[in-house]
Structures are given as C-alpha cells and as structure tokens.
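Report on the structure given below.
Convention: sequence-line order gives letters A, B, ...; per-chain numbering from 1.
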Amino acid sequence: MTTVGWLQISLLFLAVLFVIKPLGLYMARVFSGERTVLSPVLGPIEEGFYRMSGVDPNKEQGWLAYTLAMLAFSLVGFLALYAMLRFQAHLPLNPQGFPAVPADLAFNTAVSFVTNTNWQNYAGETTLSHFSQMAGLTVQNFLSAATGMALAVAFTRALARSKVTTLGNFWVDMVRATLYVLLPLSIVVALAFVAMGLPQTLDASVTARTLEGADQVISLGPVASQEAIKQLGTNGGGFFNVNAAHPFENPTAWSNYLNIFAMLSISAALVYSFGQMVGNRRQGWALISAMAILLIAGVTVTYWAEAQGNPILTALGVDPALGNMEGKEVRFGQAMTALYAAVTTGLSDGGVNGMHGSFTGLGGLVPMFLMQLGEVLPGGVGSGLYGMLVFALLSVFVAGLMVGRTPEFLGKKIEGREMTFAMLAVLILPLVILGFTAISAMLPFAVASIGTAGPHGLSEILYAYTSTAGNNGSAFGGLTGNTPWYNTTLGIAMLLGRFAYVVPVMAIAGSLAAKVKAPASAGTFPTDGPLFVGLLIGIILILGGLQFFPALALGPVVEHLAMLAGQTF
Amino acid sequence: MLNHLRPALTLVVALTVLTGLVYPLTINAVAQAVMPQKANGSLIDRGGTVVGSTLIGQNFTADRYFWPRPSATGPDPYNAAASSGSNLGTTSAKLRDRAAADIARLNGAGMPSPIPADAVTTSGSGLDPHISPAFAEAQVARVAKARGLEPASVASLVKQQIEEPTFGIIGEARVNVLELNLALDALKM
C-alpha cells in the first residue's frame, strides 16, 4: 500500500461526498413530482408517455398494486429481451452476422438484465449484435435501474407519510427516474467517456496490420453509450467479455475514476433523498456513514492483501513490488483495482476492472462478503436503499428488545408483522446462495465447470451464486458458467434475489404506511446518531454476514492460508 | 394484473425506442461528428495502413521490439476480437507453471531475476497496452543489441515514453508498448 494509492482512493470518496447533497435534493424533487430545470424539455415527453399508456399520473397505488405493476413491467421487459436475443439473426444492426442466442443463455441473459444483475455468461463481442446491445441490454440497464429507484421511493413514502393506504404510482416513479435522472446523466457521462477514448460507432471491427506483420481484428461498437448507463444504473454488464478491464471500456485512470464515480453517486445520493423526503436529513447521513465505514474497511483489506503480491510467484523470482498483477491492468495498479472491486460489490454493480478470481484469498473474500451483506453499501440504485432500511428496522427492533421498549423508526412502531417480513427477506440470500452452492458442489457435472481446483474451486461456485442472488453480476471467471445447469440455476438465483426479496419488503412498506407517524418523545431511541450507526453496522455484520462464515472459511480463507504455505492445486 | 398490462407493454416499447435507439444513436451522431478519432477506436495510421490502436495492446515476439505482458486471449495472444483474462486463482498450479516458464524465457533473454510482476502475469483484458517502467527498462539491453543501437539511446527513448501519473497522483507510471515500438522504428530511420 502506498500513500499515493490512498490519496487516489480518498479523492474519489471526496468527489462522491460533494455530489451527494445536490444530487440527493434534485432526486427528492423529481420523486415528489415537483418541477425541475429539465421539466420544460422532458415534461411533454413524460405526459406523452402517460397518455399513450393510459396512466393517470395523479392516481396513486397501494403496496400490492404498486408491486404488481412492477412485476408486470419486469415480466414484459424480460419477454421482450428474451425474444430479441432469440431472433437476433433476423434483426437489423448485426454486422457480424451473429446467430440466435441459445435458449438457456438467452434466458440467463434476459433475467440477468431485468433483475439489474448483469451476470455475464455471454461474451459480448462474440455473441451479441449491436442491436441486442443497444435496444436490448442498454434498455434494461435503464429500466431495471429505474425500477429499483421506484421501489426505494415507494418505501420512503411509507415512512414519510402517516396513516395512508397508497405509496405513489409505479409508472410515474419509473418514468421519472428514467427521464429526469438516468437519461440526462447518461448523456453527459457517455460524451465524457468518448472524450476519454471509449469507442462509439456502429462499425463491428477494424483490422490492423501490426508492426510484426500480423492481422489484428479489433472489435468496436457503441460502447460509450452503454458504459454510461451500465455504471449510472449500477448494472455492470459490459459491452466486452472482460468488462471494464477492457481498454475500450476503461482506457485511462480518469475513465476509471468516472466509472467508479458514476456507479457510486446515484446510490449514495438516493440515501440523502430519503432523508430529505422523510424530513430528517440527519437520518440520511447516518445511513450513509454506516455504508461508508463498511465500504472503506472493505477497500482497505483488499488493497492490503493484493499489494503483498502472490508469494508463490515471489518464490519463483518475481518482484512483489507491483503486488499481485495476475488479472490486473498496469494502468490501474493495486489501489484503483481494489477500490473498484470493493465499490462494485458494495454496490450491486458487478462491473470489474480486474479479474476478482485471480485475487488472493483474502483480497477475493472481500468482494464476496460485501455482496453477502446484502448489497447495501450503498447497494444498487434503489435496491440498496430499501435493503438498508430493512436492516435499520431490524436494528431498532433488536435495540427495543434490549431495553424493553416498543421499537420505533422515524415515528413508526415496528411490530411483529414487519419483523416477520423483514426476516423472510433477509433469509432469502443465505437460502439461495448456500443452498445452490451446496447442491452444485455435490454434482459432478457442476464441479466440472470450475477452473482452479482446491479451495478456490469452492470459492468460484460460492461467488457465482452470491453474485447472482445479490443481483451483482461480477464473477470468479474461472467457472465456466455458460452451461445449461448454471444458466438455469443462476437465472433462478437472480429472480429469487430480486423478486422474492422485494415482495416482502413492499409488504412491510404497505404495513408501515398505514401506521400513525408519532412525534418523537423522550423515550424514543434516536436513529440518526453514532450509537445507531454502530448498532446498524453490528446488525449488518451479524444478520447479514455471520451465516456465510463457515462457507467463507472453507473457500477463500483456506485458499489464502494455502497460498501463504506455497501450496498449489 | 391485467390492468397493468397496457402500461407495461406500451412503456416497454416507448422506452425501448427512447433509451435503446434515440439515446445511443444520438450519442453516436455527436461522437462521430465531434470526436471521430476517439469514437472510432483511437487508431494509429501509418502511411494509409492502420497499424493498431493506441489503447489496445498487440503482440511482439521479436528481439528488436519491446515485449508486452503475456496475454490470456485465445486462440492467439492479444486477440482484440475476444478479450479474456486467465481467471486463474493464486494457488493454481497452471499459473505457477506458466509463470515459471515465462521467468525461464526472460532469464534466457538476458533479464535477471527478480522479474517485474507485470512481465509474467496476464492482464484482466488480455489486451493491456502498457507495461511497467521496470519491465521496459529491463528490456533495453536486448532491444539495443538486436538493433545495433547504443543502449543509452534506447534507454533515453524509454524514459521519454514513460507516462507518469497525472499531478503525480492519478494513475500509475506506465509505458505504452506499441507507441514505444513505433518510436523505436522511427529512431532507426
């Protein structure tokens, strides 16, 4: 670890810190239905959309109708994307003449993008036409992100309002998230990306004659426009197979900064919007602090572990000064790769700028663990916020048990019904992750997919289900995931991780909305101070993390010890 | 559920047109008009022939050129139509054996151990255009000998080609292998 490395990391966090308040306030205006600077341009488009689809923007929905609208929208989005991939060969903008995507891979990819996971069993540049990338993947990058934001806003309203039955209108929230937040920011970021060197063309490739006289076919495409929304929507699905390690997705240290900044900003600022909308900005900052503390701890461990290098190679005569460079790019080095890895997994982004599967045991444990905590640091756009609020409810409940008072959060009494649904939601992740991992580890044809034997092999399987259930999308790429077994089960893990989680969460929202918002009294446990932040971190680690410790001990921890002992597999 | 179907269908279609066609094609038009060089892949043209992209690494094996990092792309190294990392774990025997073979090869080419880490590890993309200054400097003697040049003049060329972090902070010190080799060819002429 170097001072300069830490300086680079600190500057990025500072930049995000500065944008949280203005962006958070702007989004609070957008979701409160107020006019913004963009209303003169976007207002007519917005109204056109409502008229076309027969939506009355002033008519609000209860939690069930809101959730059903979200499910219907996701289902139609899934079917549209699946059909597009299956009929790719007959659609325009296919200069490479790619054939239809096979059924299992199309299912996996469509689920992957609709659930905001963006797990890549496909290799972009060798599988998907420009049309599939633009009208298929790019669209779901917008829509799955807007869906997450809408759900978070609905949950926020449940805590902001007193004795109501409605949480807003899903169609309005989703359309406004797309039009007023994601689209304008994407335009700015995409053009900045082109200026930094990301290609933006409809050509498929160019053939270069190298200095040594060989032909090098260089894949091109509309990369910048997809990369922008990939990060802003915490999607993470790359244009290319190797994602943001590819020099065309991420050519310089500056583009790397913009990548991380773009993925972190909206999620972090949305927590501030939450504070603003519930009328307690300190509450927003308290949640942001808890997220930041855990995230920075994650960066520290990975950076430290990777900077040590791989002792097995050091013993062969490799200089460890540059750290563990397998799977990493020279232009990013250890600090910026560690930062990217922690942020992309603390968020549910899942883009990578280095191969997590080639990290050291402990260096790779961190991204896995950050996902297992439930993708709440600060999590995917929207999904991170409602995930964090579930942990906040659990925290006040535990605090209430300890002191023998009725737990309250922002004036709402937290009772049995909310706790039942919260536990249902929280238990989905371990059930899906550990269940599928255990089954796969016992099936010979599933084990045959692993790339590196020994403890790393278990890590590869564990990481795959962790990433998909958490709707992250990053991978320990040694695992050959493009098989019928993994395409199907990883697809199911993504669906459960997204929808089986969010339905109980929305039920909590419905139940909270109906309650009276009582003013704070002398007996209220304050949820916007350091004591609560500490308690929240403890709850996240214990309820979110503890159940994964045995699996982590068998995978990455054993791998790290084996590496230190010089053992290979 | 059924009353949600109309908005679901119309909004998926309408938003596909907006975010999947209007948005990327507008960015495309602006990028091609304002920044065509970058939008088309930062290609390097030498006398009407595209010799590569400044952002994409290419393979060099001759002694007279600086070598890049090993690459995990298949079937050939630096296949810019199919990016790939090795994805090997740190405890992989394959990784150890591959690195041992590369170390032996570099030792044989006159590069003493300890070897810079980037010289025997594959990058995440398999297309890393850069090497570390240490790896470039360790190749100066071999390249100078193969070209019949003074080692000092090759060393000073390497020094010129080192890109330092912006403001001394942002990014890592690095050398673009293709640009270095192009400068080397120009030196000869």
Which one, [options], leads in non-hydrogen pairs under 4.5 Å with chain B?
options	value
G54(A), A562(A), G323(A), P222(A)	G54(A)
G361(A), S186(A), G124(A)	S186(A)
H456(A), M563(A), K328(A)	K328(A)
A208(A), A253(A), A335(A)	A208(A)
L202(A), I229(A), T178(A)	L202(A)
P247(A), A80(A), A123(A)	P247(A)

- Stepwise, does the side-chain hydrogen bond (donor to acceptor under 3.5 Å, both in side chains) test hold for E125(A) with S83(B)? CA-CA 8 Å; E125(A) 69 266 47; S83(B) 57; 2.7 Å; yes
Segment of [X] engaging chain A (4.5 angstrom heavy-atom cut-off):
X	value
I103(B)	side chain
V30(B)	side chain
R69(B)	side chain
A173(B)	backbone
T26(B)	neither
I131(B)	backbone
Y65(B)	side chain
D76(B)	neither
I27(B)	both
S123(B)	both

- From F248(A) CZ over to L55(B) CG, what is the distance, rounded to the nearest 0.5 angstrom? 5.5 Å
Given heavy-atom pairs under 4.5 angstrom as the criterion, report whether the side chain, backbone, both or neither of [X] touches chain B.
X	value
V175(A)	side chain
L143(A)	side chain
N310(A)	side chain
N324(A)	side chain
Q96(A)	neither

Determine yes or no for a side-chain-to-main-chain donor-acceptor pair under 3.5 angstrom, with [X] supplying the side chain and [Y] the backbone.
X	Y	result
Q200(A)	N40(B)	no
Q58(B)	Q216(A)	no
Y23(B)	L183(A)	no
T452(A)	G89(B)	yes
K38(B)	V194(A)	no
D128(B)	V330(A)	yes
D319(A)	P114(B)	no

- Given side chain to side chain contact (heavy atoms under 4.5 Å, CB included), test T90(B) with I312(A) step by step and report yes or no. CA-CA 8 Å; T90(B) 43; I312(A) 295 172; 5.7 Å; no
Compare every heavy atom of [Y] with every heavy atom of [X], then report the nearest pair and how far apart it is.
X	Y	result
E212(A)	N59(B)	OE1-O, 3.9 Å
M174(A)	L15(B)	SD-CD1, 3.8 Å
R6(B)	R51(A)	NH2-O, 3.7 Å

- Query: Just by distance, with hydrogens left out, do R96(B) and T568(A) show a side-chain donor and acceptor under 3.5 Å apart?
  - Reply: yes
- Item | Salt-bridge criterion met for E326(A) and R98(B) (N-O under 4.0 Å) |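 R98(B) and E326(A): salt-bridged.
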- Selection from S42(B), A62(B), A99(B) maximising heavy-atom pairs under 4.5 Å formed with chain A: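 Counting heavy-atom pairs under 4.5 Å, the top option is A62(B).
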